[in-house]
Each structure stands twice: as C-alpha cells, then as structure tokens.
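Every chain is numbered from 1, with letters handed out A, B, ... down the list of sequences.
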2 protein chains.
Amino acid sequence: MATIYQVSELAGVSLATVSRVMNNNARVSEKTRSKVLAAMAQLGYRPNSIAQSLASNRSNSVGILVSELHGPFYGDMLAGIENECRAAGKHVIIAAGHSEEASEIDGIEFLISRSCDALILHVEAVSDDYLIKLAAGNIPIVLINRYIPQLADNCICLNNELGGYLATKQLLQQGHRQLAYIAGPMWKSDAKDRYAGHLRAMAEYGVTFNPALFAEGDFQDSSGSACMQQLLAKKLPFTALVCANDEMAAGAIEVAREHGLQVPEQLSIVGFDNLILARYIHPKLTTIDYPIGEMGRMAARWVLKHIYQHQALALKHLFEPVLVCRESACALNV
Amino acid sequence: MATIYQVSELAGVSLATVSRVMNNNARVSEKTRSKVLAAMAQLGYRPNSIAQSLASNRSNSVGILVSELHGPFYGDMLAGIENECRAAGKHVIIAAGHSEEASEIDGIEFLISRSCDALILHVEAVSDDYLIKLAAGNIPIVLINRYIPQLADNCICLNNELGGYLATKQLLQQGHRQLAYIAGPMWKSDAKDRYAGHLRAMAEYGVTFNPALFAEGDFQDSSGSACMQQLLAKKLPFTALVCANDEMAAGAIEVAREHGLQVPEQLSIVGFDNLILARYIHPKLTTIDYPIGEMGRMAARWVLKHIYQHQALALKHLFEPVLVCRESACALNV
DNA sequence: TTGTATGCGTTATCAT
DNA sequence: ATGATAACGCATACAA
C-alpha cells in the first residue's frame with residue numbers, strides 16, 4: 001500500500017501538501033493539486049483510515065447495539081442506519097445485546113473500546129441511570145425506542161400510545177364493543193404505552209374495559225398462543241382482539257383457527273409492528289406500522305448532524321404510527 | 001482517556017512493560033505485573049484500539065458484506081458471525097451490496113479502506129474473476145454460498161443440489177407423480193443447483209419431467225404468485241409443487257387459496273430455506289432447512305483460524321440441508 | 001526481566 | 001501557498 005509519503009515524493013511536494021489536497025481544507029494551487037492527484041492515481045493511493053483516525057481523533061465509525069441480529073425487526077433498523085451512514089462515508093460496527101443487562105453493557109463497552117464516534121442503541125435491559133451516566137461521558141449516544149426525559153434530545157421514539165389507540169379505535173369504529181387485549185411484558189415501556197392507548201380509545205367510545213379479557217404475554221408468538229388459550233377458556237364473549245405485536249397476533253390466530261374460529265368473520269384481530277410476516281400470515285394481518293427503518297435512518301442523521309457537522313439535516317424525534325388495513329379485521333356483522 | 005504512558009508512570013515502570021502485561025506475550029515478573037494491573041484499574045485504563053491497530057498493522061475487525069440487511073435471511077447470518085467474532089474480541093463492520101455489481105464492489109472497497117483483517121462476503125452480482133483477483137490481494141476473503149473452484153478453501157456452501165433432491169424426494173415418497181416446479185433465477189448457481197437436485201430425484205423415481213410444469217421466478221413472493229398463475233392457467237394436472245424458496249412458496253400458496261385449492265389436501269407444496277415465515281404461513285410450510293446461521297458462524301471461524309491463529313478450530317465447507325416436515329405437504333390420496 | 005528508541009501513516013501547528 | 005516537524009497511542013526490535 002502506498003503511503004502519503006510516497007505520493008509526496010512522486011509529486012515532488014511535501015507530505016503536508018498531499019494531506020491538504022486529500023482533505024481540501026486549505027488553499028492549494030491548481031498546479032500542485034493536479035500534480036498530487038496524478039501521483040495518487042499513479043500509485044493507486046488509498047488513505048489509511050486507521051492512521052487518519054489516530055491523528056484526527058475521529059474513527060469515522062458509529063457503533064450500533066441491537067437486541068438481536070436475527071428477526072425482521074432489527075434488520076430493517078440496521079438497513080436504515082447503514083444506508084445513511086455509508087452514504088456519508090461512515091463505518092457501521094454492530095453488536096448484539098440479547099435483551100440482557102450484562103450483555104448489553106458488555107456490548108456497549110465493546111463498541112466504546114473501538115473508539116466509535118457515536119453509539120446508536122436499542123437497549124431494553126439496561127437502566128435509565130446507566131444510560132444517563134453513559135451520555136455524560138465522552139461519546140455521544142442516541143437511543144431508539146426508549147424515552148428518557150433527561151436525554152430527550154437523544155431519543156428517537158415511536159408514539160406507542162397513539163399506535164395502541166389507533167389499533168383499538170379501528171375495531172371500535174367497525175362496531176366491535178367486546179374487545180380482548182393481549183399485552184406485551186408490562187415492564188417494557190412500549191408495551192405499557194400501547195396498552196394505555198388501548199384504554200384511551202375504549203374510554204373515548206364509552207366502552208368499559210373488562211379486566212377478564214386482558215392477558216399479558218412476552219411479545220413472542222408462543223405467548224400469543226398461550227394468552228389466546230387463556231382468553232378462550234374463560235368462555236366470555238368477545239368479537240375482537242388487539243395484540244400488542246404481530247408475533248403474538250400470529251400465535252393467537254393459530255389458536256383461533258384450531259378452535260374453529262373464523263378470522264375475521266367471527267373474530268377480528270389487529271396486531272402491531274407491521275413485520276414482514278404480517279403480509280404472510282393468513283388472513284393477512286391488519287396492524288399498526290412501526291417505521292423502524294425510518295427511525296434507524298433518523299438516528300443515523302442525528303449522528304451525522306451532531307457529530308459530523310452535517311448541518312441542514314432535519315431531525316424528528318417522535319414518529320407517528322399508522323394503521324395498515326389488511327384482512328384480519330372487519331366490521332361486526334350483527 | 002488514560003494512555004499507556006500514564007499507566008507506566010503511575011506504576012513506575014516503562015511503557016513497554018505495560019504493553020507486555022496487556023498482551024502478556026513476554027515474561028513479566030508477578031510483582032511488576034500486579035503493580036501495572038493496579039495502575040490500570042486505578043486509572044480506568046482502556047487500550048486505544050486505533051493506536052493498537054496502527055502499530056500492529058491489525059485492525060481486529062472483520063468486514064461483512066451481505067446483499068440486504070433487512071429480511072430474515074441475512075439477519076441469521078449476521079447473528080452467527082457476530083456471535084463468534086465478539087467472543088473472540090473481533091469487531092464486525094457491515095455493509096450492504098443490494099445484489100448489484102457496482103454496489104457490491106463499492107461495499108467491498110469501503111470495507112477494505114477500513115483495513116479489515118478479513119472479509120466475509122455474500123455476493124451475487126460480482127464476477128468470479130473479480131473475486132479471484134480480490135483473493136489474490138492482501139486481504140483474505142471467505143465466501144458464503146458461492147463456490148469458485150480456484151477459491152475452494154475460502155468457500156462455505158450449502159449443498160443446494162441435495163436440498164432440491166430432498167424436497168422433491170419427499171413428495172415422490174408421498175406418492176406424488178405429477179410435480180410442478182417454480183425455480184429461482186437460473187443465472188444464480190443456487191437456483192440452478194436446486195433445480196438439478198429436483199431433476200435427479202425425478203429421474204431416480206422414474207418420473208418424467210414435464211417442461212410445461214416448470215416456471216422460473218426471481219425468489220420474491222410476488223414471482224411465486226405469478227408463476228403459480230401461469231401454471232394453473234395451463235390446466236395441466238399436478239398434485240404437488242416444489243418451490244425453490246419459501247417466499248415464492250408463500251406467494252404460490254396464496255394464489256392456490258384464491259383458486260379454491262386446498263393445501264395440502266389438493267396440492268402439496270414444499271419450500272426451501274426454512275425462513276421464520278415458514279412457521280407463520282398457513283398451512284405451515286414443509287421446507288428444506290438452510291443453516292445460514294451456522295454457516296455464518298463457520299465463516300467467522302475460518303477467519304479466526306486463518307487470520308487470528310486460533311488453531312484447533314474445526315472447519316466445514318459444505319453444509320447438508322435437511323427436510324423439515326410441517327403441514328404443507330401430505331400423502332397423495334388416491 | 002525490564003527499559004530505550006523507533007516506527008506505524010496520518011493530521012495539525014508552526015514557520016517560511 | 002508550501003514545507004518542517006511534532007503529536008496521536010501503541011507495538012516491538014534491540015539493549016541492558
């Protein structure tokens with residue numbers, strides 16, 4: 001690999017000048033500039049980014065921590081981030097946190113040790129305090145899907161409450177009045193918020209919420225099945241079900257089918273997230289779109305703007321979910 | 001951030017000694033070692049990996065190029081790679097190639113400019129020649145799901161032919177004799193190989209292949225639907241369908257349902273890949289498992305063994321797919 | 001076993 | 001506008 005020194009030699013200038021034309025941050029005469037450019041081309045020169053990083057104290061890389069690499073959700077998020085970062089010439093280093101505190105912390109330290117210029121985190125297990133302390137350190141962080149008031153400017157969130165509201169409202173508008181709800185793990189704020197939205201819609205339509213028609217799952221499809229079993233076992237009538245995410249909805253639909261329940265004719269179901277699988281299950285799932293790809297992209301923009309001085313980038317901190325109507329929910333036939 | 005120099009000062013030793021205890025690659029007396037360790041702890045010292053890289057000419061990072069970040073397939077692959085690499089303290093830098101030659105090359109150069117110690121590539125558009133030249137360069141590569149004879153030792157592949165054979169054999173064993181086939185884009189070697197396996201099974205059972213029952217898709221679900229439409233339009237009888245991947249199978253099932261065809265009672269369908277969605281579509285898809293996560297893990301091991309001298313790692317270059325029986329294929333009722 | 005000195009390929013601060 | 005030269009934080013060959 002050719003170094004900057006060899007280029008300078010071939011071009012007959014000092015290496016400082018070569019550096020200048022590379023970064024064109026100082027005036028260089030057209031003549032020498034073209035000489036240098038020619039020398040670079042001739043040698044096939046590529047700057048050593050490691051040396052650049054050491055000298056400039058900038059690694060030009062941003063670290064990403066997601067809960068899981070597999071699954072459709074984080075893939076979309078990564079795609080959004082990578083796309084934006086690469087266009088800006090920034091490297092993307094990834095690590096998985098597996099929703100466990102120790103593992104998340106470990107992943108973050110791993111990323112820090114690589115001198116990332118910034119961190120984009122999708123963490124669940126780590127405490128608010130830890131994140132606040134982390135943010136107070138040298139390396140800026142941005143949080144996806146986690147709202148901490150003290151770090152408000154660093155958060156990119158979905159309005160989960162609104163999503164829960166929209167899902168429920170759709171069913172209410174379709175005439176349903178006996179609604180069941182399968183929630184996510186209530187210690188997670190998004191699960192809690194979605195549920196709050198559900199309650200708001202119910203109240204708005206003057207429908208009293210029946211605690212017997214509530215079940216708490218863990219966002220996995222198996223828990224959707226289990227919760228559905230519980231609900232059916234109570235022999236209480238309900239014509240609609242809102243699930244706090246698509247995977248649980250898929251599990252619930254399967255159980256419904258096993259019980260001979262026609263979806264949506266006998267039971268309307270709405271999910272949340274709009275994962276790819278929502279299009280594949282039968283009937284196609286009516287759900288709430290979670291623009292996670294866009295949010296990843298926005299997190300990347302946050303970094304570009306704050307760390308790499310890309311001005312003129314518009315930032316958005318709160319995303320609004322929208323309803324996606326497919327086939328799993330229909331008007332109540334009376 | 002504390003530097004190695006400050007540690008050496010506090011410990012009252014030279015910075016070379018500090019370096020030695022960090023890498024414990026040279027004999028250091030227990031006494032000084034503990035002095036140094038104490039100093040490191042006291043200062044909260046973390047080595048600057050950028051400086052390490054520059055001095056040692058090793059970046060301790062491996063670059064990954066996948067076609068797409070979203071979707072279930074590459075997520076599993078990344079998960080396998082990340083897992084293995086992180087355990088070994090290696091950083092994972094990702095880029096997406098989008099199955100386009102220019103973009104793939106761009107991604108590779110992007111990774112190279114970051115001085116990755118090795119590259120793990122899942123590329124489709126780039127030519128064999130390009131890869132052979134690339135492999136001849138300074139930076140080692142390993143290829144996933146791409147076999148190039150000259151680079152045999154660098155390839156981690158699935159026996160696609162065997163997979164195609166197993167899928168078809170299953171249907172033949174279940175008594176089917178009128179089989180249709182929806183292929184992937186035949187310029188891709190995996191599509192070709194899967195099809196070859198299909199033909200081998202057919203021949204083995206003495207069933208003559210009917211070209212009219214063949215359709216070529218592009219691995220997307222929409223093409224599965226389109227191909228299924230074509231096949232049905234011919235009004236030729238067939239009781240089973242093998243699809244070269246799960247997504248096309250999902251598309252085909254949907255069309256079958258629209259035409260009032262019961263799956264599997266009237267039409268058995270087998271897919272390929274065993275994506276997560278295979279468990280969600282109805283009926284649950286019988287398919288061929290593609291252990292992409294394991295293959296990613298193996299690619300990472302290849303790198304650890306060849307580049308980072310982790311001896312004693314067993315390598316495997318060819319993976320055998322297995323049949324996963326679910327509900328979309330059943331015995332032919334006569 | 002430990003210390004000294006040099007180099008890795010840049011950026012950046014001085015001069016000129 | 002251009003050229004010396006000192007960092008940047010560490011690894012390592014060589015000395016002691």
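Between A:H310 and A:Y308, the ring planes are perpendicular. Angles over 60° get that label, and only those under 30° would be called parallel.
Every side-chain contact (heavy atoms from CB on, under 4.5 Å) that A:Q42 has, sequence neighbours left out, goes to A:L10. Contacts of A:D153 classified as salt bridge (charged side-chain N to carboxylate O under 4.0 Å, His left out), with partners at least two apart in sequence or in another chain: none. By the side-chain contact (heavy atoms from CB on, under 4.5 Å) test, A:A38 pairs with no residue at all, sequence neighbours left out. Applying the side-chain contact (heavy atoms from CB on, under 4.5 Å) rule to A:K35 yields the partners A:V13, A:T32; only residues at least two apart in sequence or on another chain are considered. Evaluation of the side chain to side chain donor-acceptor pair (under 3.5 Å) rule for B:D76 yields no partner, not counting sequence neighbours. Partners of A:E109 by salt bridge (charged side-chain N to carboxylate O under 4.0 Å, His left out), not counting sequence neighbours, listed by chain and number: B:R46.
Taking each heavy atom of A:A314 and A:M298 in turn, the nearest pair found is O-SD, 3.8 Å. Heavy-atom minimum distance, A:I108 versus A:L65: CG1-CD2, 3.9 Å.
At a threshold of 4.0 angstrom between heavy atoms, the contacts of B:N23 are confined to the sugar-phosphate backbone, with no base atom among them.
The distance between atom CG of A:L54 and atom C1' of D:dA7, rounded to the nearest whole Å, is 9 Å. In this structure, B:N25 atom CG and D:dC10 atom C1' are separated by 13 Å, rounded to whole Å.
For DNA chain C, the neighbouring residues in residues 31-42 of chain B, judged by any heavy atom under 4.0 Å, are B:T32. Within residues 2-18 of chain A, the residues that place at least one heavy atom under 4.0 Å from DNA chain C are, in residue-number order, A:T3, A:I4, A:L15, A:A16.
For A:S29 and D:dT2, the shortest distance from a side-chain N or O to OP1 or OP2 is below 4.0 Å. The phosphate of D:dA11 (OP1 or OP2) has a side-chain N or O of B:Q52 nearer than 4.0 angstrom.
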Got a list of side-chain donor-acceptor pairs under 3.5 Å for residues 80-98 of chain A, not counting sequence neighbours?
residue	atom	partner	partner atom	Å
A:E82	OE2	A:R86	NE	3.0
A:E82	OE2	B:A96	N	3.0
A:E84	OE1	A:R297	NH1	3.1
A:E84	OE2	A:R301	NE	2.8
A:R86	NH1	B:D106	OD2	2.8
A:R86	NH2	B:A96	O	2.5
A:K90	NZ	A:N60	OD1	2.9
A:H98	ND1	A:E68	OE1	3.0
A:H98	ND1	A:E68	OE2	3.3

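Residue order along DNA chain D, read from the 5' end via each residue's closest nucleotide, puts B:S49 first among B:S49 and B:R20. Both B:S56 and B:V28 lie near DNA chain C, and the one whose nearest nucleotide falls closer to the 5' end is B:V28.
For the helix from C:dT1-D:dA16 to C:dT16-D:dA1, the angle separating the two terminal helix axes comes to 40°, with each axis derived from five pairs and the value rounded to 10°.
For DNA chain C, the span of nucleotides reached by chain B at under 4.0 Å from its heavy atoms goes, 5' to 3', from C:dT1 to C:dG9.
Note on residues 2-24 of chain A: no pairs pass ring pair (Phe, Tyr, Trp, His ring centres under 6.0 Å), not counting sequence neighbours.
Enclosure of atom CG in B:N57 is not indicated, since only 12 or fewer non-hydrogen atoms of other residues, nucleotides or ligands lie within 6.0 angstrom.
Between B:S59 and B:D117, some side-chain heavy-atom pair lies under the 4.5 Å cut-off.
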